[in-house]
Amino acid sequence: MAIDHALLVTPSAMGRIDAAAVASGVDGYGLMQAAGAHVAACVLAHYPDIRRAVVLCGPGNNGGDGHVAARLLSQSGVPVIRCGVPPKKGGDAARADAECDLPLRALDDWHPEAGDVVVDALFGAGLDRPAGPEIAALIDRVRNADTPVVSVDLPSGLSGRTGAPTGPCFQAAHTVTFAALKPGHVLMPGRALCGEMHLCDIGIPARLIVSDDPVWRNHEELYRNQLPTMSAQQHKYSRGHLVVLSGPLISGGAARLAAMAGLRAGAGLVSLATPPGAVMAQAAHLTAIMQRSIGDEETLSDWLEDDRLSGFVLGPGFGDLEKARGFCGLLAKSGRPVVLDADGLTAFAGRVDDLGKLFDGDVRLMVTPHEGEFRRLFPVLAGDESLSKVDRARAAAQLLNAVVIYKGPDTVIAGPDGRAAVNSDAPSWLATAGSGDVLAGIAGGLLAQGMPAFEAGCASVALHGDAGRRAGAGMTAEELAASVKSLPCD
Ligand SMILES: NC(=O)C1=CN([C@@H]2O[C@H](COP(=O)(O)OP(=O)(O)OC[C@H]3O[C@@H](n4cnc5c(N)ncnc54)[C@H](O)[C@@H]3O)[C@@H](O)[C@H]2O)[C@H](O)CC1
Ligand SMILES: [K+]
């Protein structure tokens with residue numbers, strides 16, 4: 001069965017899939033045995049010099065996986081101790097416990113030894129509260145002994161839905177999960193707490209691994225068919241005209257970065273809309289990118305009469321927040337796609353309802369907040385600890401009728417229709433000044449070519465990461481913009 005490495009399934013949905021598998025005739029204990037076997041194999045593969053496996057077993061099926069792994073590791077000749085609590089009577093975990101002839105010691109009956117490897121089978125999908133003091137003390141002992149941890153399904157203490165620890169949480173070197181990744185495996189800090197991820201097939205039929213609330217890892221299948229392609233008969237006007245609204249003299253570079261990125265993302269034409277006082281300075285930097293002197297709403301309105309202008313980026317280095325709000329209103333009325341970034345977002349802090357009223361109908365607004373901008377725009381969402389980053393991005397997308405690119409090492413792309421994707425492979429060095437300007441430009445360039453907003457959001461985040469890998473660690477934003485790869489050609 002080809003495991004779908006892109007589908008993210010919440011722990012509760014995973015529980016339903018588990019039940020559906022058993023209801024369809026799959027042997028539940030067989031699933032547990034397969035899970036435990038993958039855990040044992042992971043330990044043997046990554047710790048060939050292991051001297052002792054310390055298997056920590058919780059009361060549920062996560063613990064059951066641990067009992068199976070303990071038995072198999074012992075049968076393979078590894079010295080094993082099991083510490084934990086007896087499983088609930090009568091279930092698969094009780095059967096796995098009974099089939100393991102190793103004594104089940106108390107959780108505090110472990111004294112670290114060189115060559116130990118901990119198998120963390122305390123809690124997985126069933127974690128529903130912070131770990132208690134006994135578990136917290138054990139987690140501390142493992143960390144202080146610097147003993148490597150292989151976690152079953154999830155590091156105990158980590159919420160599989162949100163990727164946030166509920167309290168004390170293991171730092172795993174490896175995490176072995178089953179059938180599908182969970183959002184907590186790719187959202188931060190969960191992705192970091194999991195260490196190296198291993199997604200294993202335990203025999204659940206692929207047709208059952210579905211979710212009524214699909215969240216995806218960002219990948220090309222989500223947007224490939226909607227990417228604008230370049231073909232011989234096209235000409236520059238057929239590939240859209242992106243306009244980037246520039247800031248004043250002292251901050252014109254951000255708009256130039258966005259404009260360059262938009263051009264490299266395939267827009268046929270790109271212009272800067274520049275305040276009169278900055279036109280000469282901008283002109284000195286521009287070649288393929290054109291300019292128009294736009295000083296106020298009147299001149300912008302006149303220019304918007306030209307319906308060849310097909311996409312806008314407002315915010316990078318823009319400066320004047322009141323002017324940004326006025327310009328945004330005009331762009332919204334124009335009915336064309338708009339990317340709001342940086343000052344374009346800050347302009348609406350405390351006024352997010354006003355922004356939500358501007359872009360009704362077809363989804364043509366895209367906002368690209370980083371964490372700080374998101375908190376300023378949506379303080380209530382940001383403050384609700386029960387929400388995952390996906391929940392927050394989806395709620396914001398509905399409030400604004402927009403596609404939200406909620407940036408970070410775990411950028412979430414969400415649309416008002418509920419679709420969401422988590423980008424989990426961007427290079428860390430993208431977190432540098434000007435990187436957001438480039439992303440806004442890529443997004444504007446794709447929207448200007450007519451790409452639907454959600455797919456454009458997924459694609460721009462992917463192209464941004466690709467450009468970052470090409471530019472390499474230590475890159476500057478200029479090198480990043482210059483590394484944006486043009487779109488595939490027919
Ligand atoms: N298809 C699959 O994904 C399979 C998954 N398997 C494993 O099953 C667990 C989920 O098992 P479950 O019994 O539902 O929950 P847990 O074992 O994670 O938790 C047990 C139990 O613990 C209690 N609890 C929760 N939080 C705490 C806490 N902080 N302190 C104390 N007690 C807590 C709560 O009552 C839970 O019910 C999944 O992770 C996989 O490892 C199957 O084995 C194979 C198929
Ligand atoms: K675990």
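Atoms within a ligand are numbered from 1 in the order they appear, just like the ligands themselves.
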Query raised in the report: Does one side chain, of Asp146 or Asn144, offer a donor that lies under 3.5 Å from an acceptor on the other?
Result: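 Looking only at side-chain atoms, Asn144 and Asp146 do not form any donor-acceptor pair under 3.5 Å.
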Query raised in the report: Any chance the side chains of His198 and His38 put a donor and an acceptor closer than 3.5 Å?
Result: no
Confirm or rule out an N/O/S atom of [X], from backbone or side chain, lying less than 3.4 Å from the K ion (ligand 2).
X	value
Ser151	no
Leu154	yes
Val152	yes
Gly58	no

When you measure from [atom] to every protein heavy atom, which one gives the shortest distance, and what is it?
atom	answer
atom 3 (O) of ligand 1	Met14 CG, 3.6 Å
atom 30 (N) of ligand 1	Phe123 CZ, 3.5 Å
atom 12 (P) of ligand 1	Asn61 N, 3.9 Å
atom 4 (C) of ligand 1	Asp18 OD2, 3.5 Å
atom 37 (O) of ligand 1	Lys88 NZ, 3.5 Å
atom 29 (N) of ligand 1	Arg129 O, 2.8 Å
atom 17 (O) of ligand 1	Asn62 N, 3.0 Å
atom 6 (N) of ligand 1	Asp65 OD2, 3.7 Å

Query raised in the report: Looking only at non-hydrogen atoms, which of Ala20, Gly126, Ala19 approaches atom 25 (C) of ligand 1 most closely?
Result: Gly126
Report task. Please name the residue in the list His370, Lys407, His464 that meets the side-chain hydrogen bond (donor to acceptor under 3.5 Å, both in side chains) test with Ser435. Result ->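 Filter result, single survivor: His464.
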If you measure from each heavy atom of [X] to ligand 1, is any distance below 4.0 Å?
X	value
Gly64	no
Ala131	yes
Pro130	yes

Query raised in the report: Which atom, among the N/O/S set of Asp120, is closest to the K ion (ligand 2)?
Result: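 The closest N, O or S atom of Asp120 to the K ion (ligand 2) is O.
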Query raised in the report: Backbone N or O of Leu381 within a donor-acceptor pair of the Arg392 side chain at under 3.5 Å?
Result: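 At least one qualifying donor-acceptor pair exists.
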**Report entry** Reference residue Arg264; test side chain to side chain contact (heavy atoms under 4.5 Å, CB included); the match among Ile442, Leu463, Val484
**Finding:** Val484
**Report entry** Sub-4.5 Å side-chain heavy-atom contact between His5 and Arg217
**Finding:**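 Yes; the side chains approach each other to less than 4.5 Å.
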For ligand 1, is any non-hydrogen atom under 4.0 Å from [X]'s backbone (N, CA, C, O), its side chain (CB onward), both, or neither?
X	value
Thr177	neither
Asp128	both
Ile202	side chain

Query - All pairs passing side chain to side chain donor-acceptor pair (under 3.5 Å) where residues 53-67 contributes a residue, at least two apart - result: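 Listed once each, the pairs are His67-Arg82.
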Query raised in the report: So is Gly124 polar-close to ligand 1, meaning N/O to N/O under 3.5 Å?
Result: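 N/O-N/O distance below 3.5 Å exists for this pair.
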Query raised in the report: Taking NZ, NE, NH1 and NH2 as the nitrogens, is one of them in Asp466 or Arg469 under 4.0 Å from a carboxylate oxygen of the other?
Result: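 Here Asp466 pairs with Arg469 in a salt bridge, since their nearest N and O are under 4.0 Å apart.
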Requested in this report: Kindly indicate, with the supporting measurements, whether the criterion side-chain contact (heavy atoms from CB on, under 4.5 Å) is fulfilled by Val404 and Phe454.
Outcome: CA-CA 9 Å; Val404 175; Phe454 179 73; over 6 Å; no
Requested in this report: Would you give the angle at the K ion (ligand 2) between Asn62 atom OD1 and Ser156 atom OG, to the nearest 10°?
Outcome: 100°
